[in-house]
Amino acid sequence: MVKLRHLTIGCILIAAVGCWFLFPSEESRIRKTFAAFATTAEKTGPEHLLSTLAKAKAFAAFIEPGAVLDIPERDFHAKVDTETLVRQMAAVRAQASTIRVGFENISVTIDGDGTEADTSGDLLVRGTSGDYGFDGRDTRAFEARLRKNPDTKKWRFSRIRIVPIVEK
Amino acid sequence: MNDHVRAFFFPTLTRKFLFRAGCLALVTFLVGKFLVRPVVIDGASMEPTYARHGFNFCWLPAYRKNLPARGDVVVLRYGGERWLLLKRVLAFAGETVAFRNGVCFIDGQALDEPYVVKSCDWNVPPRTVGKGHIYVMGDNRSVPVENHVGGEISRSRLEGRLLW
């Protein structure tokens, strides 16, 4: 009898842990999207042109076509199509010797119907990119809106705003 | 070649010599990391106080414990660790800053700025400086305000002040 009870409790625990991993919450999916986004953006050393292009495409896949990017220090505030994004990202990767990206203190607020989410947090960047006005390491606050693709169930960025360092 | 000159350029790698070289490298690293950092001024935003292409040192411990005073010229981190801003502190958290016809007003009072030499016609709407922030601007206000990097910035970006 005791054995059966232990077996039942064990099965329930295993099932709960299985559910936890197999059916993660939407917030967990969003946080994983950030982690994957950071990994995709990283560059650790010299890379072949084709690899640069492939990684730029993989990076662009995280961002919806027509997403709004707002980067005040670059005087950039516009909707971007995938092709432009790939070109820009490839240029950044080709120019930078290393890029390391991380996200910290992410807060997630999911809309009522669970298809859109507002996020904010700190973006940690480390690398060297003279032409893009960056050298060393820095932490920047960001705000981003993500939208869930109804077909693939994947979250993608529909708006990214890097909070300006200096505001008049 | 004189023995002294040879000994200077080609020293014998004794234990004493290596120890002294190691100490010198360590002191140089610590001074460069925590006390002073060389900076080259690459921009005209602080003219005429600091000329373009000027060389100076940033005194890093300046604001570790103290806040800068109004009118201090401070060095701020901008893009990473090596892209820095050189600006003058105009206002602190809780104060309202505005520019009318080139004159800076802090909480409605005109600020006396003898360091602003070039004519300026800036008009910036009032802005209350947020908690943990300071308001900075350059001395060269002859450029349109849209092209001038300056305004409210986090105090955490304070790097230090120039030595001279």
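Throughout, protein chains are lettered first and strands after them, A, B, ... in sequence-line order, and every chain is numbered starting at 1.
Taken together through direct or relayed side-chain contacts under 4.5 Å among Ile, Leu, Val, Met, Phe, Trp and Tyr, A:W155 and A:L69 form part of one hydrophobic cluster. Two different hydrophobic clusters hold B:F99 and A:V166 under the rule that ILVMFWY side chains link at heavy-atom gaps under 4.5 Å. Note on A:M89 and A:F142: same hydrophobic cluster, where clusters join Ile, Leu, Val, Met, Phe, Trp and Tyr whose side-chain heavy atoms are under 4.5 Å apart, directly or indirectly. Both B:Y63 and B:F92 are part of a single hydrophobic cluster, where members link through side-chain heavy atoms under 4.5 Å apart. Hydrophobic cluster membership is shared by A:I71 and A:I63, with clusters built from Ile, Leu, Val, Met, Phe, Trp and Tyr side chains linked at under 4.5 angstrom.
Residues of residues 14-27 of chain B lying under 4.5 angstrom from chain A, judged on non-hydrogen atoms, do not exist.
Other residues, nucleotides and ligands place no more than 12 heavy atoms under 6.0 Å from the CG atom of B:D121. Heavy atoms from other residues, nucleotides or ligands lying under 6.0 Å from NZ of A:K79 number 12 at most. Within a 6.0 Å sphere centred on CZ of B:R52, other residues, nucleotides and ligands contribute more than 12 heavy atoms.
With a threshold of 4.5 angstrom between heavy atoms, B:V145 approaches chain A through its backbone and through its side chain.
The CD1 atom of A:I165 lies 10.0 Å from the CG atom of B:L76; values are rounded to the nearest 0.5 Å. Taken from OH in B:Y78 to CG in A:D138, the straight-line distance is 10.5 Å, to the nearest 0.5 Å.
Among the candidates B:G150, B:S154, B:P125, the residue making the largest number of heavy-atom pairs closer than 4.5 Å to chain A is B:G150.
Contact check for B:R127 versus A:E167: side-chain heavy atoms found under the 4.5 Å cut-off.
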